[in-house]
Structure formats: structure tokens, C-alpha cells
Number of protein chains: 2
Amino acid sequence: MSGINLKKLSQELGLSISSVSKALRDSYEISAETKKRVLAMAEKLNYQPNPFARGLRKNKSTTIAVVIPEIANNFFALAIDGIQLVAQKKGYHVLTYLTHEDFQNEESTIKHLQGGRVDGVLISLCGDTASVKHLIDLHQTGVPIVFFDRVPETMECPTVTTDDYESGFKATEHLILAGCKKIAYLCVSGFLSTTQKRMMGYEAALEKYKIVFDPKMVIQCSNDNIANVALLRKLLARKNRPDGIFASVEKLAISTYYASNEIKLKIPQQLKVISFSNLRTASLLSPSLSTITQPAFEIGKESAELLFRMIEKKTFGNRIDRVVLKSSLIERNSSVKK
Amino acid sequence: MSGINLKKLSQELGLSISSVSKALRDSYEISAETKKRVLAMAEKLNYQPNPFARGLRKNKSTTIAVVIPEIANNFFALAIDGIQLVAQKKGYHVLTYLTHEDFQNEESTIKHLQGGRVDGVLISLCGDTASVKHLIDLHQTGVPIVFFDRVPETMECPTVTTDDYESGFKATEHLILAGCKKIAYLCVSGFLSTTQKRMMGYEAALEKYKIVFDPKMVIQCSNDNIANVALLRKLLARKNRPDGIFASVEKLAISTYYASNEIKLKIPQQLKVISFSNLRTASLLSPSLSTITQPAFEIGKESAELLFRMIEKKTFGNRIDRVVLKSSLIERNSSVKK
DNA sequence: TAGTATTACGAAAACGTTTTCGTTTTTTTT
DNA sequence: AAAAAAAACGAAAACGTTTTCGTAATACTA
């Protein structure tokens, strides 16, 4: 359809296909003047090499895949930004897939990647990923994989994460020092590595300050915002309600705000809140939201750089990189001691 | 690398390559029992067809490209969500490209798409796109293109947009009715169709209420948030400062909030604000932000559906669809009359 | 000057599919 | 029972590259 290929170019130039091809890749076998002619004609006819023919021949796609749970999420949007930056610099194309936190989706997506469509995969697991067999299979076909943020527990693999345990600890400690006695931990899925580690930090902080851990204060939320608001409203209307909320994902903090508004619960007077979040508007909220902010852009950037290192020198197998970046705790009014 | 292809499959089965291929595509030339055997073996060996070989042979990629200015932006993130939904349903893959509002990027991205890498393109133009020659070239190679939100003025082409003129009018009228006498219009680029139309609505509303249009109240901002805050701080500190702000993009509203905070200007008492925005936290801001909210998800969905209609029946050329969706004005405290 | 490098190019195979066109065997029709 | 039709499969070309190898013509070496 595009019409213009090596054959037409070579006819136009009175050269063979192979010579034209070599001229375009600047081969030493072709004289300087011929190269000039070829380049000029290629430019004139606006020749673009067919990526499928090239991919087939070279067994290379110059494409990577990014598999994430959702895109309408500041963390992942920023991470993609970082990924795209380095991919673009390398001349790579980026395929994006959304799992919508559904394991079936993740599985079939990964399976489709088996055919050689991509040279590498960046993935953040979905909430209910129980098995990682699909990923092991993919890895065994020779496709390098880098996990970021949500990584598997049961697989030796390259990862880029943040200091989730420490962040969980600090966030909880922060609430305790602000006067909270009964802190709820909000999460979306118990399977996730992030959820687990943040919760371990949460538990450790409770222990340090001699607060007994109450399993009922671990609130499993869903991906349905409306349902989450309803759930939280119930939680916060109870007699025995928590006086502090530690949200392990941004949207749960927002739902907490909505729920509190609905039942006229004052933040931070009656309820203190801190949350993992990359909201640009955190400081503009009413009240401004205290956050643990992950370096989302850098996570994307680091992951992509790690992946390209694996793609370029095929030295993976003998070494496994695990990068850990630091999140920062930003105190604002939602958790202020009064 | 992946290893398992039709040749190996056929050897394993004692069949010819062509028969295996036909069996897998459920051809009438192959007997039912042979098909069963082939399917079973393919499943067992986890066969995945090579997308490059298939793409080369069929001259089809089952891939579309999405070209947008930025991803860390609620509008575009939601639009991508809608696009992915329908692409996934169709079994298509989605390549994402970010132009970062840079025309050079947009141009080279589109050029690279010329080789047949994708079956169709969804694009929202970047702010300084002066010429659309690159897009006309691409279109002439037979690649269907659908423009969404930011569309070209000088090209007959399929588009999905919102009622920008009306929205601009209503937003401005809303500020006027709330008591504003001097309304500034904030935009990122004068070239954009959206900017233009929203501004025409703005001017029309001013005229209706006999307010003279002041060109100095049209504020050209950049993509640098920090610079924008500084610019707005200056604007709002002037003696002759505006008493109303109409932001044509979300981030400018946020910058307005930052600037106002810095110079202790009270919203909505001293300054009323309304903005195009898809912020989930609009109602939680201090004060809650009045918005024109575009149906971003639906825009993405409609665009993709339109594109696939064009890809599937190649009836483009004889008809050009232009879909217009409605935005909604949501009044909140940032523009309340007091 | 004969032999050897070097330079500049072309022919052809290969990548893994799909598809067209045989070809053989079986079934149906007359 | 002979001819025609149908069923089930295989051989091979084609898609557009890249790359290996071969081969002229020219330049250099002894």
C-alpha cells in the first residue's frame, strides 16, 4: 500500500536491491558517490523501510511492551512518561497494554507477546496475579522482562521498586506521632508485593509504639470507586472508627476524602490521612494531603534503562539487577497534629 | 529465538507447513480430525505465530498508533483508556507516541509510521503544529487517520471533538454572571483548534454582555509549570489584575491556584476561576474548582471506533465523519457569586 | 608482467507466514 | 463401470528486507 520499497528504489537508480540496501545502511562495500545517489533518491521518494520485513529478517522488533494495570492513574502515567523518554531516545517503539487489574487479561497479553512482537517487556503486575507461570514462559523464550513497582515475590527477576517497607513504616509512625491511636490500612489487593511490604512497615511501626495490630483495620478495597466510598463511609461512621487512615494507593485517599465529606467528618481534626500519591494537586486539596510520593518518572526511566541494558548485551541470566529508589514523605495538613 | 514455528510444528505432526497453516486458520481444505491434532499440538508446544511474517505476507499489522502531546494529563490518560478498550476488543495492538508539544517530534513520528507499521493512526496535534503536510503524506500512503480534540483547521478529515465554542461561551458567561468584569483567557498555544474555538466562545460571551475584548487578557502560557506560575503571579499582582480566570487547560488552573496561594489572593472572593478539566479531585480542592469537563473516555472510544470503521471497510475517501460530543459545565466554589 | 589485493557491485538465500495452484485419493454421478 | 466431482493434502511462490557469497574491474605488489 505504501508503495515505495527497495525494489522500486533500485529500479529507479539502475542498481540492484542488495546494493541499495547496503548503501542505506552505509556499508563499506558501496562507494561514496553511489551512497549519495541512493540517499538522495530515498529522500526524494520518501522511502521508509518495511518494519515487518526487517523484523522478520533480523529477528528484532525495535519495540518494547509496557503492561500496566491502568493508565488513568498519576503514578503509571508518570512512569510511562519516563519509559517513553528513554525508548524514544533509543529509537524504540512502545506498545502499551492495560490489564485493568484482571489476571486473565494479563495472562493473555503476555501470551500474545510470545511470538516475537517485542524485544523486551516492562510490567507492573495486576492486583490478583496469583501465578507467574505466564511470565516464566515468556522469559524462557528469551524475552527480557523488567518488573517495576508491583513485582513478583516468587521469582528471581530484575526489578525497580521503591522502599515500600520504610515508607509504610514512616507513614504509620507519622500518624502515630500526630496522635492517632487507631490507624486503618487501606489497600486494593492483598497479593501485591507493594501492599505486603507497606503493610509490614505499618505493622512494625505499630509494634514500635506498642499499638496492638488489629486485622480488622486492614481494609481491602476494590477497583470500583463508588463501592469504595460506600465502604469507607461505613467504616468511618462506626462507633469504633479509626482516627487515622494510611492509604496505600492514591485513589483510596480520594475516596476517603469523599466519604469524610459525606458524613461531615473533619480532616485532620477527627481523622488524619496520609497516602501514597503522585497528585499534582495534593497541596491544593481541602485539606492539603500528606503524601508518600514515589519517584514515578524515575521509576519508569530506570526500568527502561535496565531493560535496554538487558536487550543490548545479552548478559541476562548471569546477573539480576534490583534497583530500589526512595520515596519521600511530604507532611501537609491532612495529618497535622493539633 | 522463540523457537517454535510452523516448520517445527509440521515436522512434529508429519504434515506440510501449508496444511498446518490452513488447519490453524480453520480452512475447509483440512479435515476435522487433522485440525484437532494440529490445534492440540499447537497448544501443547505453545505456538504463537510470528507477527512479522504474518504482517509482511498480509500487509497488515493489527496495530494502531496513538500520537498525543503528553500522557501525564488526565484528559489524555482517559482518552487512551477509551481507545485501549476498543482496540483490545478488536484484537489490535496500540503503539503510543508522545510529542511533548514539539512539532519536530510529531513530524518524525508520523514519518516513521509511513512504512506500514500501523493500520491506522489516532492523533491529537501538538501545540505548535503549523503545517500538516506530514499528515497528508501519511494519509496518501493509505493509512486512515482520525483526529481527536486537537484537530487541524486546514484539512478535510475525520475528527472527534467537543463543543468547544459553546463551552467557551458558557464558561465565560458563567464568570460574567458571577460578577466578573475583567476575565483573562489562559491558553498554551494560539495555533490549536481547541484554543481558537474556546476563545471565540469567550469573545462572543464578552460581546453579548457588552464587555470590550482586551487582547492583553489573552495569556499565552508555556509547558513549563514553574514558569507559568511565575507568569500568573505577575499577572495577578498587577494593579489592573483580572477578577476572573478562564483556563483552557487543566494545568493552567492548577498553576492559577498555586499563584493565588503565593500572593494570598482569595478564590473566589477576589478571583473567580473556571477551567477545562478532568480532575477527579476538582471537588476536593480548596476551593472546589468549577470545571468544563470533556467526556474524555468517550472521545477516545468514539475515535477508535471511527478509526476501525475506516480500517475495516475501506470506504474512506467518499465520506468523512465528524463527531462532536458535549462537555458539561460543573459549577463549584471557585466561581461562586458572593 | 604476473600475481594478488582491493573496490564495488549483483545473485540468491533466508526469515515465517499465507495463498495459489497442483496432485492424489476418495466419493459421487451418469 | 467409467467419468466427474469433491476432499485432503503438498509444493512453491510471494511479501520486503538483510546478509553471505561470488565476480568482475581496478589497483597494488613483487
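Lettering follows sequence order; numbering is per chain, from 1.
Applying the 4.0 Å criterion to OP1 and OP2 of C:dT17, one finds that B:Tyr47 has a side-chain N or O inside that range. The phosphate of D:dG16 has neither OP1 nor OP2 within less than 4.0 Å of any side-chain N or O from A:Asn50. Between A:Ser16 and C:dG10 there is a side-chain N or O to OP1 or OP2 distance below 4.0 Å. One finds no side-chain N or O of A:Ser21 lying less than 4.0 angstrom from the OP1 or OP2 phosphate oxygen of D:dG16.
Here the side chains of B:Val94 and A:Thr96 are not in contact, with every heavy-atom distance at 4.5 Å or above. Annotation: side chain of A:Leu113 is not in contact with side chain of A:Val143 (no heavy-atom distance under 4.5 Å).
The partner of D:dC9 is C:dG22, judged by Watson-Crick or G-U wobble contacts that both fall below 3.5 Å.
A side-chain hydrogen bond (donor to acceptor under 3.5 Å, both in side chains) with A:His134 is found for exactly one of A:Glu107, A:Glu106, A:Lys111, namely A:Glu106.
Put simply, CD1 on B:Ile17 is 14 Å from C1' on D:dA14, counting in whole angstrom units. One interatomic measurement links the two molecules: NZ of A:Lys60 to P of D:dG16, which rounds to 23 Å at whole-angstrom precision. Look at CZ on A:Arg25: it is 8 Å from P on D:dT19, rounded to the nearest Å. Atom P of nucleotide C:dC15 and atom CG of A:Leu6 are separated by 19 Å, given to the nearest angstrom. Atom pair B:Glu29:CD and C:dC21:P shows a separation of 12 Å (rounding to whole Å applied). Here D:dC15 presents its P atom at 9 Å from CG of A:Asn5, a figure rounded to the nearest Å. B:Tyr28 has its OH atom 9 Å from the P atom of D:dA7, to the nearest Å. Atom C1' of nucleotide C:dC15 and atom CZ of A:Arg54 are separated by 14 Å, given to the nearest angstrom.
Comparing B:Ser19 and B:Leu56 by the nucleotide of DNA chain C that holds the closest heavy atom to each, the one mapping nearer the 5' end is B:Leu56.
Between B:Tyr97 and B:His112, the ring center distance fails the sub-6.0 Å criterion.
Across D:dA11, C:dA12, C:dT17, the shortest atom-to-atom separation from the side chain of A:Ser18 is found for C:dA12.
Side-chain N/O atoms of B:Lys22 and base N/O atoms of D:dG10 include a donor-acceptor pair closer than 3.5 Å.
Residue B:Glu153 comes nearest to B:Ser193 through the heavy atom pair OE2-CA, 3.3 Å, listed as atom of the first residue, atom of the second, then distance.
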